[in-house]
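Worksheet: one structure, shown below.
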Number of protein chains: 2
Amino acid sequence: MLIGEYEHSLDVKGRLIMPAKLRESIGENFIITKGLDGCLFGFSKIEWERFEEKLKSLPLTNKNARDFVRFFLSGAVECEIDKQGRFLIASNLREYASMEKEVVIIGVGTRIEFWSKDKWLKYNSDENMSANEIAENMTMLGI
Amino acid sequence: MLIGEYEHSLDVKGRLIMPAKLRESIGENFIITKGLDGCLFGFSKIEWERFEEKLKSLPLTNKNARDFVRFFLSGAVECEIDKQGRFLIASNLREYASMEKEVVIIGVGTRIEFWSKDKWLKYNSDENMSANEIAENMTMLGI
DNA sequence: ATGTTCATATTCACCAATAAGCATTTTATG
DNA sequence: CATAAAATGCTTATTGGTGAATATGAACAT
């Protein structure tokens, strides 16, 4: 299970450290693709296959579904973590996520998300997550 | 059952003593996450796994669900209590809860809460919590 | 009171993870 | 080919996490 929040920075070549605590779960080779809300998604190979299966099952006849599938598949790149724990983020993905230097990496259960620090801070300061809303959801889930 | 109020202080590296009386119930490894009202939550592994199962079942396509899952999973860290009864609180969590030195630790049944002393005092002095008000609410809940 | 034990606080030293800069190899292109 | 650009690899310094040692203080028994 992928959890936690980490902050690292891109080097001049666009490489990023994979936090040591996530390395084992994500695997040496993993898939990175455009994500929702302006971040990038990272999936272990297993999780990616599961995700692909879901995409495959969507009806080709539905325009929304076609868009959804194109979005994720066209953006997908396989990454390899090097001996020093780094991997290269393709430039189109860096651009998509507005990444320049500082990157926030979060574990979200079945996937990793990569955020430009700016976007992450903005996301968290928005009323996305009012305490009341969280509390309501917690009650619903019986915590 | 986790009960009681304790006060301890962070060392220079951000480690905190787990009160001896709570150690057995919370376990040697436990999960700490962002909580409500500016505190941190601590869950035993059992409690946490129950919660994780629920989070996993939420749909990726729903923005509310994504926000909720992100909040708890990105804010979660597994902690290990060392031989001296201490554990490290990740720096992003210390920051979230405005912890500098003095920390108040309270048992709240199924979880532990960690408060910066300042916030705890403020929380208790606010009209949040007059004994009368609590009593009224108890009546409402049929206690 | 006095000594004993246990819990907590504090400090230090060591080690692993990361950041950054530079060097080398590979690939693409004219 | 020759050259530039990109990718990959290596080295070093720094930071932060971890464990050990010691000090302090409270609780308890004698």
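These numbers come from the heavy atoms of this one structure, side chains and all, not from hydrogens, waters or symmetry mates. Letters A, B, ... mirror the listed sequences (proteins, then strands); counts begin at 1.
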Counting just side-chain N and O atoms, does [X] come under 4.0 Å of either OP1 or OP2 of [N]?
X     : N      : answer
B/S91 : D/dG17 : no
A/R23 : C/dT18 : yes
B/K83 : D/dA20 : yes

Need one value for B/K21: base, sugar-phosphate or nothing, where a base atom within 4.0 Å counts as base even if backbone is also close, heavy atoms only. nothing
Would you name the heavy atoms of B/A90 and B/V77 that are closest together and state the gap between them? CB-CG2, 4.0 Å
Identify the heavy atoms of A/V69 and A/L58 that sit nearest to each other, and give their distance. CG2-CD1, 3.9 Å
The side chain of A/R86 is closest to which nucleotide in this list: C/dT8, C/dA20, C/dT11? C/dA20
Between C/dA20, C/dT8, C/dT18, which one does the side chain of A/H8 approach most closely? C/dT18
For B/E5 and B/W120, does a side-chain donor sit closer than 3.5 Å to a side-chain acceptor? yes
Rounding to an integer number of Å, can you tell me how far [X] [atom1] sits from [N] [atom2]?
X     : N      : atom1 : atom2 : value
B/L16 : C/dT10 : CG    : P     : 12 Å
B/Q84 : D/dG17 : CD    : P     : 17 Å
A/I17 : D/dT14 : CD1   : P     : 17 Å
A/L88 : D/dA6  : CG    : P     : 11 Å
B/D82 : D/dA21 : CG    : C1'   : 13 Å
B/I81 : D/dT18 : CD1   : C1'   : 15 Å
A/F87 : C/dA17 : CZ    : P     : 17 Å
A/M18 : C/dA19 : CE    : P     : 13 Å

Tell me whether the side-chain N or O atoms of B/R15 pair up with the base of D/dG19 as donor and acceptor below 3.5 Å, since no angle test is needed here. yes
Flag this pair as yes if the NZ/CZ of B/R70 is under 6.0 angstrom from the six-membered ring centre of A/Y123 and inside a 45 degree cone about the axis; otherwise no. yes
Strictly under 6.0 Å, is that where the ring centroids of B/F87 and B/F30 end up? yes
If you assign each of A/K13 and A/S9 to its closest nucleotide in DNA chain C, which residue comes earlier from the 5' end? A/S9
